[in-house]
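When a residue number appears, it is its place in the shown sequence, counting from 1. Heavy atoms only: backbone and side chains are in, while hydrogens, waters and symmetry mates are out.
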Amino acid sequence: QVQLVESGGGLVQPGGSLRLSCAASIDIINLRIMGWYRQVPGKQRELVASITSYGTPYYVDAVKGRFAISRDVAENKMYLQMNDLAPDDTAVYYCHAQRVEWSGATDYWGQGTQVTVSS
């Protein structure tokens, strides 16, 4: 069982910044990939950014240049620095991790943290 706990969400004005944190209950070096997803009511959960166990990042076009994903292996934490936030960034943000074992891959999700961008 892998537990993921998000923090750092809140209310921010357009153009502002937030940093989300995800704390994992296991050594994140053992997670093949970690990432951030977001979901708004009535829509599918969508990938925002991801980072592999080797540190390779990926960003969707909508956040490229504004968001930065990072990790602290020693602290078993993953971060999402969000800059120049816009109302369209409003969503519940979820921490995701995938662990690959001999039996296959297993996906884990956090409870989510609300990010609201409004003036």
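Note that R19 lies in the cation-pi zone of Y79, set by a 6.0 Å cut-off to the ring centre and a 45° limit from the axis.
At a threshold of 4.5 Å between side-chain heavy atoms, the hydrophobic network of Ile, Leu, Val, Met, Phe, Trp and Tyr places L47 and I51 in one connected group. Tracing side-chain contacts under 4.5 Å through hydrophobic residues (I, L, V, M, F, W, Y), one reaches V2 starting from W109; they form part of the same cluster.
A heavy-atom distance below 4.5 Å is found between the side chains of M78 and W36. Side-chain contact between R38 and V60 is absent, with no heavy atoms from C-beta onward closer than 4.5 Å. The side-chain heavy atoms of L11 and S118, taken from C-beta on, include a pair separated by under 4.5 Å. At a threshold of 4.5 Å between non-hydrogen side-chain atoms, the residues L20 and V115 count as touching. Residues D89 and R66 have side chains in contact (heavy-atom distance under 4.5 Å, counting atoms from C-beta outward).
By the neighbour-count criterion of 12 heavy atoms within 6.0 Å, atom CD of Q111 is sparsely surrounded, having that number or fewer from other residues, nucleotides or ligands. At most 12 non-hydrogen atoms from other residues, nucleotides or ligands lie less than 6.0 angstrom from CD of Q44. Enclosure of atom CD in Q3 is not indicated, since only 12 or fewer non-hydrogen atoms of other residues, nucleotides or ligands lie within 6.0 angstrom.
Although no hydrogens or angles enter the test, the distance criterion places a donor-acceptor pair under 3.5 Å between the side chain of N76 and the main chain of I28. E6 places a side-chain N or O within donor-acceptor distance of the main-chain N or O of C95, the cut-off being under 3.5 Å. Remark: the backbone N or O of Y93 is not paired with any side-chain donor or acceptor of T113 at under 3.5 angstrom. Under a 3.5 Å cut-off, the side chain of R71 and the backbone N or O of S53 do form a donor-acceptor pair.
Take D88 and apply the side chain to side chain contact (heavy atoms under 4.5 Å, CB included) test, not counting sequence neighbours, and it matches no residue.
Below 30°, between 30° and 60°, or above 60°: for H96 and Y37 the angle between ring planes is above 60°, a perpendicular geometry.
Contact detail for P14 and S119: the closest heavy-atom pair is CD-N, 3.6 Å. In terms of heavy-atom proximity, G112 sits nearest to V92 at CA-CG1, 3.9 Å. Taking every heavy atom of both residues into account, L31 and R99 meet most closely at CD2-CB, 3.9 Å. Listed here is the closest heavy atom pair of D84 and S17: N-OG, 4.2 Å. Closest approach of C22 and M34 over heavy atoms only: SG-CE, 4.4 Å.
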